[in-house]
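Here the structure comes first, spelled out in structure tokens, and everything after it is commentary.
Just so you know, residue 1 is the first one in the sequence shown, and it goes up from there. Values in this document were obtained by computation on a predicted structure and should not be read as measured data.
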Amino acid sequence: MKKTASLLVLLSSLVITIATIQSASDVAAQGKKKSADGKAIYQAQCAKCHAEDGKGITSLPDIPNFADSKWQSSRTDKRIAEVISVGEGIMPGFKEVLSAAELGAVLRQVRTFAPASPKGKSR
């Protein structure tokens, strides 16, 4: 009986050790996944109001046109991230929905709507 109890304790310890190692391995693998897909997140969370091209749905009040160079140049990345996170006006915040990495990916996607600067001209 004593031998059986010792064997059970040993096997239980082994199972716990293996489970812990597997869990740590899963966490490490998640960290190595590619970065968040800003375009996909934008399409799923933002395009219904801001449109696929970033110009905004005109029937909604105060929707910014991300494709407007004046809008792009007048907003810092910090400000855009803040609005995505906490919301503004009719826009809800996404801090409970998006991770920091996803928020950054959406910010980068919003910046892709900026018109290309003419080559050879400096700002």
- Message: Within the structure provided, determine whether Gln45 and Val106 are in side-chain contact (heavy-atom separation under 4.5 Å).
- Response: no

- Query: If you draw a 6.0 Å radius around CD in Gln43, do more than 12 non-hydrogen atoms from other residues or ligands fall strictly inside?
  - Reply: yes

- Item | Any side-chain heavy-atom pair of Leu60 and Ile63 under 4.5 Å | yes

- Find out if a path of hydrophobic residues (ILVMFWY) with successive side-chain heavy-atom gaps under 4.5 Å connects Leu103 to Val86. no

- Value rounded to 0.5 Å, distance of CG in Asn65 from OG1 in Thr58: 11.0 Å

- With sequence neighbours left out, which residue pairs that include part of residues 57-74 fulfil the salt bridge (charged side-chain N to carboxylate O under 4.0 Å, His left out) condition? none

- Message: Applying side-chain contact (heavy atoms from CB on, under 4.5 Å), can you list everything that pairs with Gln109, at least two apart in sequence or on another chain?
- Response: Lys39, Tyr42, Thr112, Phe113

- Distance from Leu107 atom CG to Ser85 atom OG, nearest 0.5 Å? 11.5 Å

- Message: Taking the side chain as everything from C-beta on, heavy atoms only, tell me whether His50 gets closer than 4.5 Å to Ile57.
- Response: no

- Partners passing side-chain contact (heavy atoms from CB on, under 4.5 Å) against Ala40 (at least two apart in sequence or in another chain): Asp37

- Message: Show every salt bridge (charged side-chain N to carboxylate O under 4.0 Å, His left out) that has at least one partner inside residues 92-113, sequence neighbours left out.
- Response: Asp77-Arg111

- Message: My understanding is that only residues two or more places apart in sequence, or in another chain, count here; which of them pass salt bridge (Lys or Arg N to Asp or Glu O under 4.0 Å) with Arg79?
- Response: Glu82, Glu88

- Task: Using salt bridge (Lys or Arg N to Asp or Glu O under 4.0 Å) as the criterion, list what pairs up with Asp53, not counting sequence neighbours.
- Result: none

- Message: Strictly by ring pair (Phe, Tyr, Trp, His ring centres under 6.0 Å), give each pair with a member in residues 67-99 just once, sequence neighbours left out.
- Response: Phe66-Trp71

- Item | Closest non-hydrogen atom pair, Ala101 against Ala36 | O-CB, 3.9 Å

- Query: Among all residues two or more places apart in sequence or in another chain, which pass the side-chain contact (heavy atoms from CB on, under 4.5 Å) test with Ala114?
  - Reply: Gln72

